[in-house]
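This structure is a prediction, so every number in the text was calculated from the model and none was measured. Every number for a ligand or one of its atoms is a count from 1 in the order of the listing. Values reported hereafter were calculated over all heavy atoms of this structure, with side chains retained and with hydrogens, waters and symmetry mates removed.
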Amino acid sequence: MSVFSSESFDNHEQVLFCSDKDTGLKAIIAVHSTAIGPGAGGCRMWQYASEEDAISDVLRLSRGMSYKNALANVGLGGAKAIIMGDSKSQKTPELMKAFGRYVDSLSGRYITAEDVGMSVKDMEHVATQTRWVAGLVRGNAASGDPSPFTAHGVFCGIRASLRYLNGSDDLKGIRVAVQGLGNVGYNLCRELHQAGAELMVSDIHAVHVERVVKKFGATVVAVDAIIGQEVDVFAPCALGAVINDETIPQLKAKIVAGAANNQLAEARHGEALRERGVLYAPDYLINAGGIINVANEIKGVPVTVEAGMAAVEVVYSTLLEIYATAEQEGRPTSEIADEMAKARIEAAKAAGGWHIAA
Ligand code: NAD
């Protein structure tokens with residue numbers, strides 16, 4: 001087991017291994033970069049097959065947060081935490097409090113929030129031990145459920161993509177296939193429907209499908225047929241790695257723009273989409289609405305829902321900038337996004353970086 005020689009290691013500033021015998025806590029906090037600001041990113045609880053898998057995941061996810069936060073321009077660096085274990089059977093208030101004490105030990109270099117396997121209630125337990133926690137529903141500037149903001153960012157990303165391809169971002173009559181109708185997928189369908197789009201949808205949970213059919217007149221598609229639909233836009237809002245060697249040849253949409261994290265199974269699939277003439281909206285840019293809104297909570301600035309939504313709309317112009325550069329340079333949009341994020345981090349470093357106020 002190694003960190004420095006792990007393939008996922010990317011000169012992370014700090015990796016903290018946390019254990020607490022009494023509560024059974026085994027966690028890793030990875031702070032990838034604080035060049036722009038404090039490292040912010042959620043805490044995931046997951047039953048990893050091995051410690052190597054856990055290390056690799058937290059290293060990868062924390063770097064992803066640096067890129068996401070850099071592109072979102074929210075004054076935050078990138079970090080992430082993982083807790084090893086089954087969130088359904090092994091999570092207790094005491095375990096979350098023990099995790100909170102480790103978060104506190106970093107004195108604000110890491111700010112945590114919910115991720116997979118975590119709830120608002122869990123963050124409330126963490127908050128009894130540290131102030132370096134966001135994604136709460138109570139308290140000054142609490143930002144609540146991030147999903148509507150994430151969905152709004154994806155909606156803006158779809159509009160920007162249409163503008164780039166068609167010269168107009170009007171959604172009337174545009175056909176969108178939405179994969180996954182959970183918190184983000186549902187809110188995205190609502191916005192798309194209001195804007196006049198036609199929806200094709202799929203989900204493995206019948207109740208989730210029924211609510212968008214009933215409310216937004218969506219057409220149901222079989223789970224394994226959603227990618228190959230004759231649509232203008234494919235919006236993955238369920239799983240990662242949906243864009244891969246098997247699915248790319250099935251794509252008929254000219255735009256891939258959705259909320260799911262890590263949509264490209266491998267980095268080379270960005271180029272594969274470009275070669276096929278598919279415009280890819282980099283996932284971590286267009287799903288940044290949640291973090292853009294949470295950033296206000298971190299800064300302690302209460303904002304209205306309207307102001308939070310308006311702030312998310314920065315996604316539109318950043319995406320157009322990425323598309324223009326990608327076209328000029330004949331390179332995949334995913335590569336351009338990574339480069340833009342890295343350049344912002346390097347520029348912040350060169351300017352002296354962020355430091356905890358004395
Ligand atoms: P969610 O768990 O509420 O919804 C996911 C939905 O996908 C569920 O309804 C599930 O039944 C469905 N699903 C699972 N497998 C499927 C399959 N094979 N085909 C079709 N549907 C399937 O999650 P969410 O909060 O809506 O997030 C969706 C995606 O967006 C995730 O990848 C998440 O990491 C990412 N994301 C979410 C946020 C946020 O603010 N919630 C922010 C950034 C990124």
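Below 3.5 Å of separation, one finds an N or O of Asn183 facing an N or O of ligand 1. Among the atoms of Val223, none of the N or O lies under 3.5 angstrom from an N or O of ligand 1. Checked by distance only, ligand 1 and Leu239 stay at 3.5 Å or farther apart across all their nitrogen or oxygen atoms. At under 3.5 Å, a nitrogen or oxygen of Ala259, whether backbone or side chain, sits near a nitrogen or oxygen of ligand 1. Between Asn261 and ligand 1, a contact under 3.5 Å exists for at least one N or O pair.
At a threshold of 4.5 Å between non-hydrogen side-chain atoms, the residues Val314 and Ile292 count as touching. The shortest distance between side-chain heavy atoms of Ser202 and Val220 does not fall below 4.5 Å. In this structure, the side chains of Thr247 and Val242 stay at 4.5 Å or more apart for every pair of heavy atoms.
Counting only non-hydrogen atoms, the option in Gly135, Ser147, Gly289 that gets closest to atom 41 (N) of ligand 1 is Ser147.
Ranking protein heavy atoms by distance to atom 12 (C) of ligand 1, first place goes to Asp203 OD2, 3.2 Å. Residue, atom and distance of the protein heavy atom nearest to atom 40 (O) of ligand 1 are Thr150 OG1, 2.6 Å. Closest to atom 17 (C) of ligand 1, if we only count protein heavy atoms, is Ile204 CG2, 3.8 Å. In this structure, atom 43 (C) of ligand 1 lies nearest to the protein heavy atom Asn287 O, 3.5 Å. Ranking the protein heavy atoms by distance from atom 27 (O) of ligand 1 puts Val184 CG2, 3.9 Å first.
Taking a cut-off of under 4.0 Å to the non-hydrogen atoms of His208, the atoms of ligand 1 that pass are 8 (C), 9 (O). Atoms of ligand 1 found under 4.0 Å from any heavy atom of Pro146 (numbered from 1 in listed order, with element): 40 (O). Which parts of ligand 1 touch His205 is read off a 4.0 Å heavy-atom cut-off, strictly below it: atoms 11 (O).
Taking the six-membered ring where the residue is Trp, Phe99 and Tyr110 present perpendicular rings, their angle passing 60° and hence far from 30°. Ring geometry for Tyr67 versus His32: interplanar angle over 60°, hence perpendicular rather than tilted (30 to 60°). Ring geometry, Phe9 versus Phe4: the interplanar angle exceeds 60°, so the pair is classed perpendicular (tilted spans 30 to 60°).
Asp203 contributes no side-chain N or O that, together with a main-chain N or O of Val209, makes up a donor-acceptor pair within less than 3.5 Å.
The proximity of Ala238 to ligand 1, defined as any non-hydrogen pair under 4.0 Å, involves the side chain as well as the backbone.
Of all the heavy atoms in Tyr323 and Ser161, the pair that sits closest is OH-OG, 2.9 Å.
Note: Ser8 OG to Leu59 CG = 5.5 Å, rounded to the nearest 0.5 Å.
Paired with Val126 under the rule side chain to side chain contact (heavy atoms under 4.5 Å, CB included), one option of Asp122, Thr130, Thr128 passes, and it is Thr130.
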